[in-house]
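Notes follow the structure.
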Amino acid sequence: MIKIGEKESEVIEWNHLDAMQGRLGLISKETNHAFMQYLKKSFTELNGIVMQITTEKKDAETEDYLSITDFEGMPTEDPDSIFGTVRMNWVQQYLNLLAYIHKRDRFSFIPSASYRAHSEGPLMGYVRAVEELNDSADKELLLKHFEKLEKVKWFRSEEEGFVYEVIGETEEELLESIFIGAWSLWTFVNTVEAANPLNIMLELSGSLMEFPVLNEKREFISFAVSSISRLSFDYLVSVVIKSSSLFPMPESIIEHYIIEDNEAPDMDWSESYPAINDLGEDIVIWKCSEGYEEMKIVLAKENSV
């Protein structure tokens, strides 16, 4: 249990490793938020592993790598299982993403393929099909994308845990970056054998998340983030999402919302919580279950935790 706030004489705690409430969202425009720093410190003190996917700059400097390609080189015991289905969905969404990035029809851009489920994952069939194409600009382009899956760069430090930085000069590069980071994290959680609980923190801001998030890019972000969030139902995993708007929290089955910015562009809480405009500077709205309550948020600089 982690203390997340206070309300009159009541302390509010979050049972972050409970499958029924292990997902929390913070709506705030502030970067490097003190509450996120507090949660990170709390997770570490509880002997949890922190893994962050972030659009914000962190101080972790030691490079580490995860390989989606190595993961896809392993077989699926039962392709029709939930795991096998989600694994295939990652591959199909990735191929759809490549077609979206290059404004191409997927089925004329990427050859159809079959794979050997007893010895490999579904991605490898497509890699093999592309490698067997005659030399062309499309073949070279697709192989360059596949190379990015071989060594997905993470950083680590004692203070930050493991960090994946979403980077890119264009919207398309950012979209591919966040998708690959989430996919690599999903593969890690599905293969790691660790006693420590995993605490996943997604900090999403910048041009990719600006309201309104429309067309196919919304689908790709929703798929990646919700797939990460759903890990908390099957593993000892907690998930925290910080965004400047409500998206993509409802799609990610977030139970607890801490709402700091009353003017987030894609929501209006005034009907559900009429007192929203009268909140003090140090008071936020906490949405739990179907109710809305005021509370004082716990911040990293406080000594009362």
Side-chain angles (χ1 to χ4, degrees), residues 1-2 14-26 36 39-40 42-44 46-55 64-72 74-94 97 121-123 149 152 154 156 160-166 177-204 219-243 247-257:
M1 300 281 282
I2 295 177
W14 175 39
N15 193 357
H16 63 296
L17 294 176
D18 185 295
M20 293 298 102
Q21 56 175 304
R23 292 151 297 280
L24 179 148
L26 170 65
M36 298 293 280
L39 288 179
K40 192 187 311 172
S42 299
F43 292 147
T44 303
L46 293 171
N47 296 318
I49 297 171
V50 176
M51 302 194 74
Q52 304 176 69
I53 294 178
T54 179
T55 54
D64 214 331
Y65 295 90
L66 294 174
S67 177
I68 296 172
T69 303
D70 286 353
F71 174 83
E72 282 295 307
M74 298 185 293
T76 301
E77 184 174 333
D78 179 6
D80 296 323
S81 65
I82 293 175
F83 167 76
T85 299
V86 177
R87 184 183 194 181
M88 175 63 84
N89 288 343
W90 273 106
V91 172
Q92 296 303 324
Q93 286 282 12
Y94 171 68
L97 173 62
L123 176 68
L149 308 180
V152 181
W154 285 70
R156 58 184 169 85
E160 296 290 344
F162 294 85
V163 179
Y164 176 88
E165 294 182 1
V166 178
S177 180
I178 192 172
F179 191 93
I180 289 176
W183 192 5
S184 69
L185 178 52
W186 186 87
T187 66
F188 175 77
V189 176
N190 276 277
T191 55
V192 69
E193 296 181 5
N196 301 64
L198 295 175
N199 303 284
I200 298 171
M201 308 184 78
L202 309 177
E203 295 178 274
L204 307 174
E219 177 184 343
F220 294 125
I221 296 170
S222 295
F223 172 81
V225 176
S226 66
S227 296
I228 293 300
S229 184
R230 290 172 190 274
L231 290 169
S232 57
F233 289 107
D234 300 313
Y235 299 91
L236 203 59
V237 169
S238 70
V239 176
V240 180
I241 300 174
K242 176 189 167 295
S243 178
F247 177 76
M249 295 180 194
E251 295 88 341
S252 306
I253 328 173
I254 295 296
E255 283 88 10
H256 295 281
Y257 291 83

Show your working on side-chain contact (heavy atoms from CB on, under 4.5 Å) between Ile253 and Arg230 and close with a plain yes or no. CA-CA 8 Å; Ile253 328 173; Arg230 290 172 190 274; 3.3 Å; yes
How about Phe83 and Trp186: are their ring centres within less than 6.0 Å of each other? yes
Going by the side-chain hydrogen bond (donor to acceptor under 3.5 Å, both in side chains) test, name the single residue among Ser232, Ser238, Ser252 that passes it with Arg23. Ser232
Within the distance-only criterion (no hydrogens, no angle test), does the side chain of Ser226 pair as donor or acceptor with the backbone N or O of Ser222 below 3.5 angstrom? yes
Applying side-chain contact (heavy atoms from CB on, under 4.5 Å), run through Tyr164 and Leu66 and close with a yes or a no. CA-CA 10 Å; Tyr164 176 88; Leu66 294 174; over 6 Å; no
Mind listing the closest non-hydrogen atom pair of Ile228 and Ala182 along with its distance? CD1-O, 3.2 Å
Measure across Trp183 and Val91 and return the closest heavy-atom pair with its distance rounded to 0.1 Å. CZ2-CG2, 3.9 Å
Shortest non-hydrogen contact from Ser177 toward Glu165: OG-O, 4.0 Å
Going through the checks in order, is the side-chain hydrogen bond (donor to acceptor under 3.5 Å, both in side chains) test met by Trp154 and Ser184? CA-CA 10 Å; Trp154 285 70; Ser184 69; 3.1 Å; yes
Short question: side chain of Ser81, backbone of Gly84 - any donor-acceptor pair under 3.5 Å? yes
Give, for atom CD of Glu255 and atom CG of Asn15, the distance between the pair rounded to the nearest 0.5 Å. 11.5 Å
Heavy-atom nearest pair, Pro197 first then Leu17, reads CB-CD1, 3.7 Å
Rounding to 0.5 Å, atoms CD1 (Ile49) and CD1 (Ile200) come to a distance of 11.0 Å
side-chain contact (heavy atoms from CB on, under 4.5 Å) between Ile2 and Leu46, intermediate numbers included: CA-CA 9 Å; Ile2 295 177; Leu46 293 171; 3.8 Å; yes
Might you point out which heavy atoms bring Ile180 and Val152 nearest each other, and give the distance in Å? CG2-CG2, 3.7 Å
Would the distance check show the side chain of Glu72 and the main-chain N or O of Leu123 forming a donor-acceptor pair, the cut-off being under 3.5 Å? yes
Check: Leu39 and Leu26 side chains under 4.5 Å, non-hydrogen atoms: no
Gap separating the CG atom of Leu202 from the CD atom of Gln52, nearest 0.5 angstrom: 9.5 Å
Parallel, tilted or perpendicular: which fits the ring planes of Phe223 and Phe179, with parallel below 30° and perpendicular above 60°? parallel
If the condition is salt bridge (Lys or Arg N to Asp or Glu O under 4.0 Å), which residues does Asp78 pass it with, not counting sequence neighbours? none
Check the pair Val240, Asn199 against side-chain contact (heavy atoms from CB on, under 4.5 Å), reporting the backbone distance first and the verdict last. CA-CA 8 Å; Val240 180; Asn199 303 284; over 6 Å; no
Heavy-atom closest pair (Ser67 atom, Asp70 atom, distance to 0.1 Å) is OG-N, 2.9 Å
Using a 4.5 Å cut-off on heavy atoms from C-beta on, say whether the side chain of Ile68 contacts that of Tyr94. no
Gap separating the NZ atom of Lys242 from the CE atom of Met249, nearest 0.5 angstrom: 8.5 Å
What distance do His16 atom NE2 and Phe43 atom CZ have between them, rounded to the nearest 0.5 Å? 5.5 Å
Side-chain touch Arg87/Pro122, heavy atoms, less than 4.5 angstrom: yes
Are Leu198 and Tyr235 close enough that some pair of their side-chain heavy atoms sits under 4.5 Å apart? no
Pairing residues for Tyr65 by the ring pair (Phe, Tyr, Trp, His ring centres under 6.0 Å) criterion, not counting sequence neighbours: none
Let me confirm one number: the CD-CD distance from Glu219 to Gln93, rounded to the nearest 0.5 Å. 5.0 Å
